[in-house]
Chemist: 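Sending over a structure as structure tokens; questions will come in a sec.
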Amino acid sequence: MSLTPSLFPELIQALIDDIAAHAEEVTELDQAIGDGDHVFNLQRGLQALHEHASEIAPLDWVAAWQKIGMTVMAAVGGASGSLYATLFIALAKSGRDKVIDISGFSDAFLQAVEAVKLRGKAEVGEKTMLDVLVPVALALRDEAAAGKSLAEILDRLCQVAADGVEATRDMLATKGRASFLGERSKGHIDAGAKTAQLMITAIAAVLKKSCD
Amino acid sequence: MSLTPSLFPELIQALIDDIAAHAEEVTELDQAIGDGDHVFNLQRGLQALHEHASEIAPLDWVAAWQKIGMTVMAAVGGASGSLYATLFIALAKSGRDKVIDISGFSDAFLQAVEAVKLRGKAEVGEKTMLDVLVPVALALRDEAAAGKSLAEILDRLCQVAADGVEATRDMLATKGRASFLGERSKGHIDAGAKTAQLMITAIAAVLKKSCD
Amino acid sequence: MKKFIDSPDTLLQTSLQGFAKAHADIVQFNPDPRFVYRNVRKTGKVALISGGGSGHEPLHSGFVGVGMLDATCPGQVFTSPTPDQMLAAAQAVDGGAGVLFIVKNYAGDVMNFEMAAEMLDLPNASILIDDDISLPKTHSIGRRGVAGTTIVEKIVGAAAENGADLATCKALGERVNRATASIGVALSSCTVPALGHPTFAIADDEIELGVGIHGERGRETVKMMSASEIVEQLAGHIVDELKPAAGQAVLLHVNGFGATPLIELHLIYELAWQYFSKRGLIIQRSLVGNFTTSLDMAGCSLTLTLLDEDMQGLWDAPVNTAALRWGC
Amino acid sequence: MKKFIDSPDTLLQTSLQGFAKAHADIVQFNPDPRFVYRNVRKTGKVALISGGGSGHEPLHSGFVGVGMLDATCPGQVFTSPTPDQMLAAAQAVDGGAGVLFIVKNYAGDVMNFEMAAEMLDLPNASILIDDDISLPKTHSIGRRGVAGTTIVEKIVGAAAENGADLATCKALGERVNRATASIGVALSSCTVPALGHPTFAIADDEIELGVGIHGERGRETVKMMSASEIVEQLAGHIVDELKPAAGQAVLLHVNGFGATPLIELHLIYELAWQYFSKRGLIIQRSLVGNFTTSLDMAGCSLTLTLLDEDMQGLWDAPVNTAALRWGC
Ligand SMILES: Nc1ncnc2c1ncn2[C@@H]1O[C@H](COP(=O)(O)OP(=O)(O)O)[C@@H](O)[C@H]1O
Ligand SMILES: Nc1ncnc2c1ncn2[C@@H]1O[C@H](COP(=O)(O)OP(=O)(O)O)[C@@H](O)[C@H]1O
Ligand SMILES: [Mg+2]
Ligand SMILES: [Mg+2]
Ligand SMILES: [Mg+2]
Ligand SMILES: [Mg+2]
């Protein structure tokens, strides 16, 4: 894989645009069963990354992930801030001893998602961003192992992410603020799952374009 | 005049009923250019008088007015409380050396209204209860001096009171809370003038009935 | 109306009972006639008595205690108290050095305190507070007393505690009052419990400039502005009024009307601090919080007091009340 | 939305600048990373650090000062602060006896403080506050930390000031937390500045029982009730939870959510006082006011702490912060 963090400025811009386009929708979701700040938290993080984009672009992946993690950690706050910071710091840690091709990345990503589960003391099925991150990580591993093309893999991940979001709708929230609502949390999509999906899809679009 | 404070319980009941019937209207007036508590202030006073009605009934007029004044003073508060307390205490004071027939009462009442003017540092034309009390006191003196019958006098006072209220509508308030609104006070009837008229009219009705 | 209330008729009395229990180390409550008075009393001290309609809490009862007031007479919500309350309070806290009534300039308060003063058989004097500059100085009944009352009560309270005599306390209070200017802005009306609905209606994009503290409309209704613009308006009026010289020491008081959160009041404070500092004033002392409220009104007022050394020392003197406490 | 604000992006920082200026005798503000810390520091003292989303003022920054907290890390409105704030605060106030983090039990707070603790190169420990009994004890992520936080911070603050070591402070805080139960009711939602409209809609005749402090809906929406009925519900839940014995000494805290006037909070206090007294409890100490707020939410919570002599003495110990001050 010839992808490098030089793509990073473009990726961040795509994420900023995509989250902005869905800001109201996400806020409505987080207001229904959370506290309504999720989109602002994410946007603060993306903005901070945007400001550091030119520093990150020349780095190797491991250094880039570390820097992304530290930037998110200091900029975001909230539940999602610590979880995404954990994701990237763990990605850097488990990527350190790997060749970052698709297969190396899929391993590292799976380990990073495990770190998120540990940080949040959460599992799949609790109506959180993990309901997107975990199936996406698993699908990535499987597709990579099956030797699919990058384009095929990306399409598959987008599909898995979309399914993951939709699955949160009928779940009972048992982690995060939505859990305070008990049964009242059912019938609403989780905001953090939704933004995870949006970001994965936006990243996929950029990657597909850059590999054409 | 054979009227005595034995009428007092009946008078108070009539005032309570009449003010209750107009409570919303008065509140709207006091809210438009005052602070909206006028009717509650009056009702608190009437209620206190009602509770003391049987003590007041056997008294002579001077003692009754003194007791009424002290009761109002302790029960009402606000601008209207001190003004009505002043009215009755002054009535007792100036009635002390008089025969309380219509002419004696009209003299005493005029002096009492003067005391209210002093207490409030106000004159006719400032959009207050004085725009009812002063013309009523003057008309009472004139009609009494002209030797009119009680019924005729009472009808005339009711008319003067009604005119007095109506006259406050276009006045600029320069006393009381309504004065804070400046020009914005115009176009609204003064609540204190309105209740003064309501009470005078209700008292007149009881007196007329009891003299039939 | 949604309020914690059993009935508008019992709200005040029950609330005062609770207040006295919650601050039993500082005050007692006499239920009839209604007054709040401090536990620690001193003979030979001028007794300071204030009061007015309720609904402005912590003003005044939150200021009863060592270093501030001796007693307060709470009236019904937004209704001045009655002379018998003031007489009973005066008898209870008289220390033999006379009684000073601190009265906000409202017709009802003025007249009821006046009646009490006429009937009181003790040496007494009164101070009228009229710090609200939203009305012209020439207003027919004078200007209203608003948040500057806290400043006067604190400073005169310290002087009385230190043994100043009645005439000195009165003169000091009038000096502080003259050195003080306030002006407020409301974002919402308030709801008087007995009425059950807001006193005035206001559009979503409008605010009331120059409001009093009884939910009455202000001097003018204007379009919503940024916090900086609001501060510029309010602080500008204050500077025009007091015309302070550069280098003047001041006390800056940002007072919330009840429903405005501290995060906003501290923002207003910072913006006002910058405004006054730019004009060369030295903000020596500060007070930020909900002190002179209008029930559940959203809004705030700015108060500036030009300080001299004497006033500043008295401001710093120990005070131990429910709402203001330092140095003891 | 009508608020005093220039922009949601600058509100917090400007407000904290104002807060620090208004209380310059007690605290300083470090703008980046954002933390508030006390002027008077002591070597050999355990450093107490708290923090959480903003919008709950005076909690926590109003509790920084002698006898209470050493530093606080304010996050964005209703958003937990970041680990770098906690690390910087810890470095700034470390007195050589370790750092105790006092954390309200919310996913974001817990995780961010946890990350800071992992990275901090100083002896440290944490206390999780989970006094909100509106959720069952068995709730999947445990109960929330709400108004009881003030009680824990005051009592542990006094112990730390007296020289208690890290383990003792932690154990004491956990003991106070276990002895404390809170439950709240909202009459209105609140408006987060960045959002611009109320977080939830509520009918004119409905209230939310068992709310947290972030404008989230409560455990159930019920019809409006009288103040006495509300107190019976809230206090009943607390008694069921703590099962206090007759004769037990308690601290009763009535906490306003921001837009409820003191006159109502003192009414609630009186009704709660009567409720608990009838059940034989001895209300030894009280705290009534807006301490753990939810921006401009109307509503309140009841908090009861079962006191032992040790806790009562530490509650009474001198404290000198912006929001709580006595004995010094
Ligand atoms: N323990 C957890 N594990 C995994 N994800 C979580 C956890 N708690 C919350 N989340 C995710 O974080 C999202 C909320 O993020 P955000 O609104 O930014 O923070 P906060 O909940 O602190 O306001 C939720 O929608 C959920 O997807
Ligand atoms: N100085 C005054 N002289 C005469 N009447 C006055 C004066 N001030 C107020 N009033 C009358 O009192 C009425 C208001 O009474 P009320 O609402 O009971 O008291 P408050 O104004 O203290 O709320 C006004 O409508 C006006 O008629
Ligand atoms: Mg959120
Ligand atoms: Mg009125
Ligand atoms: Mg009134
Ligand atoms: Mg949040």
Side-chain angles (χ1 to χ4, degrees), chain A residues 23-24 27-28 30-45 47-48 69-86 89 115-116 118-123 125-129 172-185 188 192, chain D residues 8-9 32-34 51-53 55 73-85 87-88 106-116 119 132 134-136 139-144 189 191-200 210-221 294:
Chain A
E24 268 189 44
T27 292
E28 269 168 39
D30 195 35
Q31 271 200 295
I33 55 173
D35 60 352
D37 60 351
H38 181 56
V39 98
F40 305 115
N41 294 346
L42 271 194
Q43 289 182 321
R44 211 167 38 250
Q47 189 53 40
M70 296 308 285
T71 304
V72 166
M73 189 184 82
V76 179
S80 58
S82 55
L83 293 168
Y84 278 113
T86 299
I89 293 169
V116 173
L118 278 178
R119 176 68 66 208
K121 298 186 186 67
E123 294 290 336
E126 301 199 82
K127 201 177 184 109
T128 70
M129 58 172 72
L172 179 74
T174 46
K175 289 284 145 64
R177 291 179 189 286
S179 71
F180 302 142
L181 295 181
E183 289 292 326
R184 281 171 146 189
S185 68
H188 300 271
Chain D
D9 296 337
D32 186 22
R34 195 186 296 125
C73 305
Q76 290 293 331
V77 170
F78 293 174
T79 299
S80 25
T82 56
D84 58 315
Q85 294 175 254
L87 290 174
Y106 293 95
D109 290 339
V110 171
M111 294 190 284
N112 283 288
F113 271 101
E114 201 177 270
M115 291 179 81
M119 289 186 278
D132 180 5
S134 70
L135 297 169
H139 183 71
S140 47
I141 53 172
R143 289 166 161 175
R144 300 175 281 213
S189 180
T191 298
V192 175
L195 286 173
H197 55 90
T199 308
F200 62 83
V211 284
I213 53 173
H214 298 89
E216 63 270 51
R217 281 202 168 279
R219 185 163 83 160
E220 44 174 346
T221 309
S294 298

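In what follows, chains carry the letters A, B, and so on, assigned in the order in which the sequence lines appear, proteins first and then strands, with residues in each chain numbered from 1. Source: prediction; values computed, not measured.
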Chemist: Taking A/Arg119, A/Lys175, A/Glu126, A/Met73 one by one, which has the highest count of heavy-atom pairs under 4.5 Å against chain D?
Modeler: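 Answer, by heavy-atom pair count under 4.5 Å with chain D: A/Arg119.
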Chemist: Please flag which part of A/Thr86 lies under 4.5 Å from any non-hydrogen atom of chain D: side chain, backbone, both or neither.
Modeler: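 It is both, since atoms from each part get that close.
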Chemist: Name the region of D/Gln85, side chain, backbone, both or neither, that has any atom closer than 4.5 Å to a heavy atom of chain A.
Modeler: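 Neither part.
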Chemist: Quiz question: by atom type and distance under 3.5 Å, do the side chains of D/Arg217 and A/Ser185 form a donor-acceptor pair?
Modeler: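 No, no side-chain donor-acceptor contact under 3.5 Å.
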Chemist: With distance as the sole test, does D/Asn112 use its side chain to make a donor-acceptor pair with the main-chain N or O of A/Gly78 at under 3.5 Å?
Modeler: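 Between the backbone of A/Gly78 and the side chain of D/Asn112 there is a qualifying donor-acceptor contact (under 3.5 Å).
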Chemist: Between A/Thr174 and D/Ile141, what is the shortest heavy-atom contact and its length?
Modeler: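 So the minimum-distance heavy-atom pair works out to O-CG2, 3.5 Å.
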Chemist: Where on D/Pro198 is there a heavy atom nearer than 4.5 Å to chain A: the side chain, the backbone, both, or neither?
Modeler: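 Contact with chain A involves the backbone of D/Pro198 alone.
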Chemist: Which one, D/Glu114, D/Glu220, D/Arg144, leads in non-hydrogen pairs under 4.5 Å with chain A?
Modeler: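 Of the options given, most contacts go to D/Arg144.
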Chemist: Could you tell me whether A/Arg184 and D/Glu216 have a side-chain N and a carboxylate O separated by less than 4.0 Å?
Modeler: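 The answer is no: the pair does not qualify as a salt bridge.
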Chemist: Please flag which part of A/Leu83 lies under 4.5 Å from any non-hydrogen atom of chain D: side chain, backbone, both or neither.
Modeler: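 Interface part for A/Leu83: side chain.
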Chemist: So which of A/Gly176, A/Ser82, A/Gly77 has the largest heavy-atom pair count under 4.5 angstrom toward chain D?
Modeler: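 Going by pairs under 4.5 Å, I would pick A/Ser82.
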Chemist: Examine whether an atom of A/Arg177 lies under 4.5 Å from a heavy atom of chain D, and if so say whether it belongs to the side chain, the backbone or both; otherwise answer neither.
Modeler: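 Interface part for A/Arg177: side chain.
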Chemist: Counting only non-hydrogen atoms closer than 4.5 Å, does D/Pro81 touch chain A with its backbone (N, CA, C, O), its side chain (CB onward), both, or neither?
Modeler: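 For D/Pro81, the contact with chain A is made by the backbone alone.
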Chemist: Side chains of D/Met111 and A/Lys121: does their closest heavy-atom pair fall under 4.5 Å?
Modeler: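 Answer no - side chains too far apart.
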Chemist: So for A/Asp35, is it side chain, backbone, both, or neither that comes closer than 4.5 Å to the heavy atoms of chain D?
Modeler: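 Contact with chain D involves both backbone and side-chain atoms of A/Asp35.
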Chemist: So which heavy atom on D/Ser140 is nearest to which on A/Ser179, and how close?
Modeler: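 The pair with the smallest heavy-atom distance is OG-CB, 4.0 Å.
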Chemist: For chain D, which candidate among A/Gly120, A/Ala32, A/Gly36 shows the most heavy-atom pairs at distances under 4.5 Å?
Modeler: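 Among the listed options, the one with the most contacts to chain D is A/Gly36.
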Chemist: Would you say that A/Gln31 contacts D/Leu195 through its side chain, given a criterion of any heavy-atom pair below 4.5 Å between the two side chains?
Modeler: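 SC-SC contact between A/Gln31 and D/Leu195 confirmed.
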Chemist: With a 4.5 angstrom heavy-atom cut-off, which part of D/His214 approaches chain A: side chain, backbone, both or neither?
Modeler: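 Answer is both: backbone and side chain atoms of D/His214 are under 4.5 Å from chain A.
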Chemist: Taking D/Leu135, D/Val77, D/Thr82, D/Thr199 one by one, which has the highest count of heavy-atom pairs under 4.5 Å against chain A?
Modeler: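 So the answer, after comparing D/Leu135, D/Val77, D/Thr82, D/Thr199, is D/Thr82.
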Chemist: Which bit of A/Val39 comes within less than 4.5 Å of chain D, counting heavy atoms only: side chain, backbone, both or neither?
Modeler: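 Interface part for A/Val39: neither.
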Chemist: Tell me, for D/Ser189 versus chain A, whether the close heavy atoms (under 4.5 Å) come from the side chain, the backbone, both or neither.
Modeler: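 The answer is neither part of D/Ser189.
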Chemist: Based on non-hydrogen pairs under 4.5 Å, which of D/Gly215, D/Gly212, D/Gly53, D/Gly218 is most in contact with chain A?
Modeler: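 Answer, by heavy-atom pair count under 4.5 Å with chain A: D/Gly218.
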Chemist: So how far is it from A/Leu181 CG to D/Arg219 CZ, rounded to the nearest 0.5 Å?
Modeler: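 Those atoms lie 13.0 Å apart.
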Chemist: Could you tell me if the side chain of D/Tyr106 sits less than 4.5 Å from the side chain of A/Phe180, heavy atoms only?
Modeler: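 SC-SC contact between A/Phe180 and D/Tyr106 confirmed.
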